[in-house]
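What follows is one structure encoded as structure tokens, with my remarks underneath.
In this chain, numbering begins with 1 at the start of the sequence shown.
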Amino acid sequence: MTEADYRRITYDLTLAVAQMLVKLNPNLTFIYVSGAGTDSSERGRVMWARVKGQTENALLRMPFKAAYMFRPAVIVPLHGIQSKTKSYRVFYAATKPLLPVLYKLFPRYVTTTEQLGLAMIRVVREGSATPVLESADINSL
């Protein structure tokens with residue numbers, strides 16, 4: 001995907017929705033699922049990480065009650081959840097026997113769909129000391 005196309009989907013669309021929501025209810029808590037490796041400096045060489053960083057920074061400047069950027073790395077799907085992205089489905093099917101081992105070896109980088117959802121609910125209810133949450137932060141919530 002070209003940077004212009006990626007920006008239109010990732011930055012422009014997200015900000016258009018966020019601007020509408022903050023106008024309707026500035027007392028809202030906004031959660032954006034970004035990804036591990038996102039570049040908050042906005043100057044990195046990796047296009048997707050730079051655009052995600054620009055998106056996060058723009059959202060954090062908006063006058064929401066609170067905004068949180070979730071940056072999971074590997075998300076293990078539980079309870080029958082499947083990714084809509086074919087390459088992810090193939091990856092999970094091929095690595096399914098290894099996922100428990102990966103979780104034990106790299107707990108800072110692996111989370112589950114359940115942990116992610118519960119962490120989102122918790123930050124909406126209780127807040128978080130930091131607005132940017134990596135996989136380890138997500139798991140600790």
Original post:
Is Y32 reachable from M20 through a run of hydrophobic residues whose side-chain heavy atoms are each under 4.5 Å from the next?
Top reply: no

Original post:
Minimum heavy-atom separation for I31 to M120, with atom names?
Top reply: CD1-O, 3.6 Å

Original post:
Taking the side chain as C-beta and beyond, is there a heavy-atom pair between L13 and R8 under 4.5 Å?
Top reply: no

Original post:
How far apart are the closest heavy atoms of L59 and F64, and which atoms are they?
Top reply: O-CD1, 4.3 Å

Subject >> Main-chain N/O of T111 paired to S135 side chain as donor or acceptor, under 3.5 Å >> reply: no

Original post:
Applying the 4.5 Å side-chain criterion to the ILVMFWY set and letting contacts propagate, would Y11 and F70 be lumped into a single cluster?
Top reply: no

Original post:
If two hydrophobic side chains count as joined below 4.5 Å and joins carry through other members, does L21 share a cluster with V33?
Top reply: no

Original post:
Do side-chain atoms of N139 reach the backbone of Q115 as a donor and acceptor pair under 3.5 angstrom?
Top reply: no

**OP:** Check whether any side-chain heavy atom of M69 lies under 4.5 Å from a side-chain heavy atom of T38, and answer yes or no.
**Re:** no

**OP:** Determine yes or no for a side-chain-to-main-chain donor-acceptor pair under 3.5 angstrom, with Y68 supplying the side chain and S128 the backbone.
**Re:** yes

Subject >> Closest approach of L60 to P131 (non-hydrogen atoms, all atoms of both residues) >> reply: CD2-CB, 3.7 Å

Original post:
Do you know the tightest heavy-atom contact between M1 and M47?
Top reply: O-CE, 3.9 Å

Subject >> Distance, nearest 0.5 Å, that separates OG1 of T14 from CZ of F30 >> reply: 6.5 Å

Original post:
Would the number of heavy atoms belonging to other residues, nucleotides or ligands and lying under 6.0 Å from CZ of R108 be above 12?
Top reply: no

Original post:
What residue pairs, at least two apart or across chains, pass salt bridge (charged side-chain N to carboxylate O under 4.0 Å, His left out) with a residue in residues 53-66?
Top reply: E56-R71

**OP:** Can you see which heavy atom on A119 is nearest to which on L141, and at what distance?
**Re:** CB-CB, 3.9 Å

Subject >> Path from V110 to L133 over hydrophobic side-chain contacts below 4.5 Å >> reply: yes

**OP:** Group every Ile, Leu, Val, Met, Phe, Trp and Tyr by side-chain heavy-atom contacts under 4.5 Å, then state whether W48 and V132 land in the same group.
**Re:** yes

**OP:** Report yes if some heavy atom in the side chain of L15 is under 4.5 Å from a heavy atom in the side chain of T55; otherwise report no.
**Re:** yes

Subject >> S41 side, atom OG; Q54 side, atom CD - distance, nearest 0.5 Å >> reply: 9.5 Å

